[in-house]
Amino acid sequence: MPSMLLLGLLLASSLMAASAGDLSQDFFLTGVGGQILDNGQLLMLSLDNTTGGSGFESMNTYLFGRFDMDIKLVPGNSAGTVTTFYLSSQGSHHDEIDFEFLGNLSGDPYTVHTNVFSQGIGGREMQFQLWFDPTLDFHTYTFIWNSEQIIFMVDNIPIREFKNRESEGLSYPNKQPMTIYSSLWDGEEWATRGGAIKTNWTEAPFKTFYKNFNGNACLVSSSGVSSCDSKTSTSSLSWQSQQLNSKSRRYLRWVQKHYMIYNYCTDHKRFSNGFPRECRRSKSH
Ligand SMILES: *[C@@H]1O[C@H](CO)[C@@H](O)[C@H](O)[C@H]1NC(C)=O
Ligand SMILES: *[C@@H]1O[C@H](CO)[C@@H](O)[C@H](O)[C@H]1NC(C)=O
Ligand SMILES: *[C@@H]1O[C@H](CO)[C@@H](O)[C@H](O)[C@H]1NC(C)=O
């Protein structure tokens with residue numbers, strides 16, 4: 001029916017318009033000191049030792065989607081600061097997909113910490129350094145979360161893939177709608193060289209900037225009904241079916257070979273009694 005199609009297109013384009021530009025359409029601020037600037041084109045989080053940290057949260061919850069955010073991290077001596085950008089559901093058996101950016105002394109590299117929780121169980125840390133200075137400019141950090149896998153990307157380069165292996169009895173986050181969260185907070189007790197380097201408050205307030213959020217996703221309303229953004233679902237690059245092709249797999253291997261600094265699946269000390277089952281190669285690979 002043409003009228004339905006038109007309505008669908010209008011709906012899809014309005015969803016896109018809402019998510020492409022104005023951050024105040026998608027998020028609200030939490031904590032103290034954050035600001036939405038330039039008519040919603042820019043969002044700033046700030047951290048100091050008087051007001052504490054700040055954050056933001058999405059107004060919507062999502063069950064699957066592709067989420068891109070351009071982030072410019074705290075420059076200079078950012079040791080002790082932690083910037084997070086993550087998806088999480090609620091409750092004790094929550095699911096969560098994390099990016100955390102651990103600051104460092106001027107000139108020392110940031111650590112990008114990633115984790116996946118399913119049914120309340122995490123402990124799947126992988127950490128990376130970046131092939132650029134993430135404080136000089138905005139870079140795009142992306143989650144692709146569909147029914148088959150989760151892909152973490154930086155500037156469209158995949159750094160980590162977490163496969164759905166439910167058929168092998170492993171759990172996968174695919175039942176609980178998640179909210180997008182971000183925060184800038186003080187993690188001086190553990191963040192930089194395991195807590196050896198403390199936050200230097202003379203340099204506060206620390207600031208992280210965000211822009212160009214794009215969410216192509218399935219929104220879940222409070223009544224539990226899900227509506228997927230149909231605009232991209234017909235394109236060949238749809239996030240719903242997106243998986244790594246041989247070229248992106250080569251990039252993934254390049255990143256993991258040269259920039260991965262921690263992988264729980266190779267931490268023999270921690271798992272001296274045996275690695276988690278998902279660390280074993282999938283039969284389908
Ligand atoms: C900070 O820099 C040091 C020295 O290069 C490095 O060992 C460490 O992993 C970096 N990141 C953090 C968060 O400590
Ligand atoms: C903290 O930063 C200030 C200003 O940059 C500097 O003078 C001071 O030495 C730093 N303190 C520490 C403990 O590094
Ligand atoms: C915040 O940090 C500054 C710089 O180190 C210090 O002078 C000030 O006393 C601190 N304020 C509080 C409330 O801790």
Side-chain angles (χ1 to χ4, degrees), residues 15 19 23 25-32 34 43 45 52-69 82-102 112-127 141-152 160-187 189-191 210 213 215-229 239-240 264-265 270-271 275-279:
L15 279 174
S19 52
L23 290 159
Q25 300 280 307
D26 291 294
F27 301 105
F28 60 92
L29 295 166
T30 56
V32 178
L43 190 154
L45 294 184
S54 52
F56 62 84
E57 198 175 313
S58 64
M59 297 185 198
N60 293 309
T61 60
Y62 307 92
L63 190 61
F64 304 132
R66 174 182 174 136
F67 308 97
D68 301 271
M69 182 70 94
V82 179
T83 298
T84 66
F85 177 53
Y86 63 105
L87 293 157
S88 182
S89 65
Q90 312 294 319
S92 56
H93 297 285
H94 80 294
D95 295 337
E96 188 177 315
I97 309 172
D98 296 318
F99 267 123
E100 292 188 11
F101 305 93
L102 314 184
V112 181
H113 175 99
T114 64
N115 203 352
V116 176
F117 285 70
S118 182
Q119 299 289 315
I121 297 174
R124 303 186 174 96
E125 301 88 355
M126 287 173 76
Q127 295 185 334
Y141 301 89
T142 303
F143 298 110
I144 297 174
W145 170 37
N146 62 33
S147 58
E148 294 306 313
Q149 61 260 303
I150 296 160
I151 304 169
F152 295 76
R160 177 174 186 177
E161 175 190 44
F162 185 82
K163 289 286 239 188
N164 181 342
R165 292 167 64 185
E166 280 188 315
S167 63
E168 299 168 48
L170 300 170
S171 77
Y172 183 78
N174 56 5
K175 290 171 193 71
Q176 307 186 66
M178 298 210 247
T179 303
I180 302 171
Y181 298 90
S182 182
S183 61
L184 171 57
W185 58 285
D186 177 31
E189 294 307 323
W190 62 277
Y210 302 78
F213 171 69
N216 293 301
C218 297
L219 269 64
V220 182
S221 73
S222 48
S223 59
V225 177
S226 172
S227 63
C228 297
D229 179 351
W239 59 266
Q240 276 134 319
Y264 75 110
C265 280
R270 177 174 168 194
F271 296 110
F275 285 104
R277 269 209 301 146
E278 75 261 19
C279 293

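Note: hydrogens, waters and symmetry copies are ignored here, and every other heavy atom, side chains too, is used. None of these values were measured; they are calculated from a predicted model.
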For residues Ile150 and Val116, report the shortest heavy-atom separation together with the two atoms involved. CD1-CG1, 4.2 Å
Has the side chain of Thr61 got a donor or acceptor atom that lies under 3.5 Å from a matching backbone atom of Val220? yes
Side chains of Ser58 and Thr179: any donor to acceptor distance under 3.5 Å? no
Point-to-point distance, once rounded to the nearest 0.5 Å, from CG of Leu29 to CG of Leu45: 7.0 Å
Does some side-chain heavy atom of Met59 sit less than 4.5 Å from a side-chain heavy atom of Phe27? no
Looking at Ser54 and Gly34, what are the two nearest heavy atoms and their distance? CB-N, 3.6 Å
4.5 Å side-chain heavy-atom contact, Tyr210 and Thr83: yes
Would the distance check show the side chain of Thr84 and the main-chain N or O of Ser182 forming a donor-acceptor pair, the cut-off being under 3.5 Å? no
Got Asp95 and Met178 here, is their nearest side-chain heavy-atom distance under 4.5 Å? yes
Value rounded to 0.5 Å, distance of NE2 in His93 from NZ in Lys175: 13.5 Å
May I ask you to check whether Tyr264 and Phe275 place their ring centres under 6.0 Å from each other? no
Distance alone, cut at 3.5 Å: any donor-acceptor contact between the side chains of His113 and Gln127? yes
Indicate the atoms forming the closest heavy-atom contact of Val82 with Ala191, along with that distance. CG2-CB, 3.7 Å
Calculate, to the nearest 0.5 Å, the distance between atoms CG and SG belonging to Leu63 and Cys218 respectively. 7.0 Å
Indicate yes or no: does Glu125 engage Arg270 in a salt bridge with an N to O separation below 4.0 Å. yes
In Å, rounded to the nearest 0.5 Å, how long is the span from CZ of Phe162 to OH of Tyr172? 7.5 Å
Would the Phe85 and Phe67 ring centres measure less than 6.0 Å apart? no
Between Ile97 and Phe152, is any pair of side-chain heavy atoms under 4.5 Å apart? yes
Is it the case that the ring center of Tyr86 lies less than 6.0 angstrom away from the ring center of Phe143? no
Verdict with supporting geometry, Cys228 and Gln240, side chain to side chain contact (heavy atoms under 4.5 Å, CB included): CA-CA 10 Å; Cys228 297; Gln240 276 134 319; 4.0 Å; yes
Kindly indicate whether the side chain of Tyr141, heavy atoms from C-beta on, has any atom under 4.5 Å from the side chain of Asp68. no
Answer with yes or no after comparing the ring centroid distance for Phe64 and Tyr62 against a 6.0 Å cut-off, counting only values under it. no
Would you find a donor on one side and an acceptor on the other, under 3.5 Å apart, between the side chain of Trp239 and the backbone of Asn216? yes
Separation between OH (Tyr181) and CD (Glu96), nearest 0.5 Å, reads 9.0 Å
Decide side chain to side chain contact (heavy atoms under 4.5 Å, CB included) for Glu148 and Asn174; before the verdict, give the C-alpha distance in whole Å, the side-chain angles of both, and the deciding distance to 0.1 Å. CA-CA 9 Å; Glu148 294 306 313; Asn174 56 5; over 6 Å; no
Go through the steps to decide whether Thr142 and Arg66 satisfy the test side chain to side chain contact (heavy atoms under 4.5 Å, CB included), and finish with yes or no. CA-CA 7 Å; Thr142 303; Arg66 174 182 174 136; 3.8 Å; yes
Looking at Glu278 and Arg124, does any basic side-chain N land under 4.0 Å from a carboxylate oxygen? yes
Determine whether the side chains of Asn115 and Glu100 contain a donor N or O and an acceptor N or O closer than 3.5 Å. no
What's the separation between atom CD in Gln176 and atom OG in Ser88, rounded to the nearest 0.5 Å? 8.5 Å
With the side chain counted from C-beta on, respond yes when Phe117 and Pro173 share a heavy-atom pair under 4.5 Å apart, and no when they do not. no
